[in-house]
Amino acid sequence: MKAEIIVQNAGRFPTKEKRVLESLTNLISTKAGTQAGNREFGIDQSCLDKPIKTAEALLIQEIYIKTKKFESRAEVKSVKCQRDGMHGKISIRMVIEIVED
């Protein structure tokens, strides 16, 4: 799944920002159940077999939940799905804010 992650407060915490972006990219690109030692890590992609509007809603919900659980340094401001109907793919556009310690 392709994801674009935008940092709302970019530049305030450059080192932390880089690590958070790497972590979120890893989280979103990992299918839940595939990471040894932590089967909950990743995004449950079973929703993609459902009708498109339902799939998008479930996917967005999953991203909010998993980000809160696995990446506490980021606060999700918005998540939007973009469809590629020709190829049957969904990409994610996510806006986050880096949280101060």
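No hydrogens, no waters, no symmetry mates; every other heavy atom, side chains included, goes into these values.
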L58 side chain near K50 side chain, heavy-atom distance below 4.5 Å: yes
Spacing of CD1 belonging to I63 relative to CD1 belonging to I28, to within rounding of 0.5 Å: 5.0 Å
Basic-acidic side-chain contact under 4.0 Å: E56, K80: no
Set of side chain to side chain contact (heavy atoms under 4.5 Å, CB included) partners for V95, sequence neighbours left out: I6, Q8, K77, S78, R93
Carboxylate-amine/guanidinium proximity below 4.0 Å for R12 and E100: yes
Pairwise distance CG(L27) to OG1(T67) - rounded to 0.5 angstrom: 5.5 Å
Heavy-atom closest pair, residues A55 and C47: CB-O, 3.2 Å
Main-chain N/O of V99 paired to K16 side chain as donor or acceptor, under 3.5 Å: yes
Nearest non-hydrogen partners of L48 and I90, listed with the distance: CD2-CD1, 4.0 Å
Distance (rounded to the nearest 0.5 Å) between F13 CZ and R19 CZ: 14.0 Å
Side chain proximity check, M94 to E4, heavy atoms < 4.5 angstrom: no
Residues in side chain to side chain contact (heavy atoms under 4.5 Å, CB included) contact with S46, at least two apart in sequence or another chain: D44
Considering all heavy atoms, the nearest E17-G11 contact: OE1-N, 2.9 Å
E71 and K66 ion-paired at < 4.0 Å: no
Residues that K31 engages under side chain to side chain contact (heavy atoms under 4.5 Å, CB included), provided they are two or more places apart: T34, Q45
